[in-house]
Protein chains: 2
Amino acid sequence: MDEQWIIDKIKAAGLKLTRPRMLVIEVLRQNKNGFISADEIFNLINHKEKVCDLTSIYRTLTSLEEIQLVEKSDFFGEASQYRLLSHQDHYHHHHHYFKCNECGKIEVLCGDCNVVQYENDLKKRGFSNLSHRLELSGLCPSCNK
Amino acid sequence: MDEQWIIDKIKAAGLKLTRPRMLVIEVLRQNKNGFISADEIFNLINHKEKVCDLTSIYRTLTSLEEIQLVEKSDFFGEASQYRLLSHQDHYHHHHHYFKCNECGKIEVLCGDCNVVQYENDLKKRGFSNLSHRLELSGLCPSCNK
DNA sequence: TCTTTATTGCAATCTGTTTGCATTTACCTT
DNA sequence: AAGGTAAATGCAAACAGATTGCAATAAAGA
């Protein structure tokens with residue numbers, strides 16, 4: 001594992017650099033930009049021999065989410081999916097999601113967010129502290145043939 | 001129960017007018033425009049004596065969702081919530097949702113949908129069959145004081 | 001190396017939901 | 001109004017995803 005900033009961030013948060021954590025991070029890194037479930041992480045880590053418990057994976061993911069290294073997505077009531085936030089994500093934090101109905105893959109869409117207009121209208125109606133989540137689905141370019 | 005169109009719709013779908021179904025619909029009707037979980041429905045129905053099983057409530061909700069009398073919402077990984085679709089909803093079917101972080105209530109927001117622009121951009125990039133779901137959260141007008 | 005405290009593995013538990021199956025009920029036919 | 005049939009029910013068991021308690025272990029500062 002190279003990415004020093006990840007290690008720095010973990011240490012800065014007062015968390016220990018343990019084996020399960022390193023394994024989880026390594027899997028997340030290899031899954032760059034994609035989402036993956038706790039169970040899938042578990043299977044990838046343990047496919048040769050059992051080296052890490054599922055419980056520890058959940059706990060690791062929760063910790064890493066707390067220090068903003070990981071983002072959790074609950075997409076349409078299915079098992080939660082996780083992804084490693086990139087260095088940039090920390091500063092530019094808002095995303096939209098696309099899930100393909102064919103291959104099931106979840107993509108992060110980086111683009112303009114015109115929902116902000118909508119939020120402004122709501123503020124005028126008395127709402128506050130607004131945040132939102134936009135989830136799209138359909139067919140992704142590769143399944144759309 | 002008055003609303004004849006509900007009964008008509010159930011019969012038209014070839015479903016029987018059973019007691020559990022009537023009870024569930026009655027609860028949903030009294031909860032007009034709001035979302036409610038299977039468990040809450042169960043408790044409302046059975047608060048005096050047990051007259052209907054939770055299993056039947058789930059099955060009823062599934063059936064009613066299939067014939068588009070009920071809408072299901074999986075909000076941020078919590079228990080699924082359901083609401084009765086109004087007569088109009090059948091014809092004008094797209095909504096956005098707002099969940100208050102304080103009181104937990106989910107509201108249906110009827111308003112313009114400027115996400116359509118965004119979908120058009122995606123179509124140009126090869127995506128198709130797009131649909132979306134917009135979930136907002138924050139403080140609702142009554143909790144925002 | 002020693003000590004402390006966080007973290008782990010395991011088993012048990014939980015919540016929300018679904019399934020199998022024998023019994024019951026709505027409702028169509030007569 | 002009674003009877004037959006397929007659909008719907010209740011109950012118990014199973015399920016999936018996730019969390020918790022606790023004793024054993026391991027990371028990292030002294």
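Hydrogens, waters and symmetry mates are skipped; everything else that's a heavy atom, side chains included, is used. So you know, we letter chains A, B, ... as the sequences are listed, proteins then strands, and number each from 1. Bear in mind that the values here come from a model prediction, so they are computed numbers and not experimental data.
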Item to check | Short N-O contact, B:Glu135 and B:Lys99, less than 4.0 angstrom | outcome: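 No, B:Glu135 and B:Lys99 are not salt-bridged.
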
Checklist entry - Is B:Arg83 paired with B:Glu71 through a side-chain N to carboxylate O contact shorter than 4.0 Å? => result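 So B:Glu71 pairs with B:Arg83 through a salt bridge.
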
Check the distance between [N]'s [atom2] and [X]'s [atom1] and give it to me in whole angstrom.
X: B:Asp74; N: D:dA18; atom1: CG; atom2: P; answer: 13 Å
X: A:Ile10; N: C:dA6; atom1: CD1; atom2: P; answer: 17 Å
X: B:Asn46; N: D:dC11; atom1: CG; atom2: P; answer: 10 Å
X: A:Leu23; N: D:dA27; atom1: CG; atom2: C1'; answer: 15 Å
X: B:Asn43; N: C:dT15; atom1: CG; atom2: P; answer: 13 Å
X: A:Asp53; N: D:dA23; atom1: CG; atom2: P; answer: 18 Å
X: A:Glu40; N: D:dA18; atom1: CD; atom2: P; answer: 11 Å
X: A:Leu64; N: C:dT7; atom1: CG; atom2: P; answer: 11 Å

Item to check | Considering all heavy atoms, the nearest B:Tyr118-A:Leu136 contact | outcome: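 Heavy atoms only, the tightest pair is CE2-CD1, 3.7 Å.
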
Item to check | Selection residues 44-53 of chain A - residue pairs positive for side-chain hydrogen bond (donor to acceptor under 3.5 Å, both in side chains), sequence neighbours left out | outcome: A:Lys50-A:Asp53, A:Asp53-A:Thr55

Checklist entry - Do the side-chain N or O atoms of A:Ser80 get closer than 4.0 angstrom to the phosphate oxygens (OP1, OP2) of D:dA18? => result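 Yes, within the criterion.
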
Checklist entry - Base, backbone or nothing for each nucleotide of nucleotides 18-30 of chain C, written B, S, -, heavy atoms under 4.0 angstrom, 5' to 3'? => result BBB-----BS---

Checklist outcome for this item: Of B:Ala38 and A:Arg21, the one whose closest nucleotide on DNA chain C sits nearer the 5' end is A:Arg21

Item to check | Aromatic centroids of B:Phe35 and B:Tyr82 separated by under 6.0 Å | outcome: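 No; B:Phe35 has its ring centre 6.0 Å or more from that of B:Tyr82.
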
Item to check | Plane angle bin for A:Phe127 and B:Phe98 - parallel if under 30°, tilted between 30 and 60°, otherwise perpendicular | outcome: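 Answer is perpendicular, since the angle exceeds 60°.
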
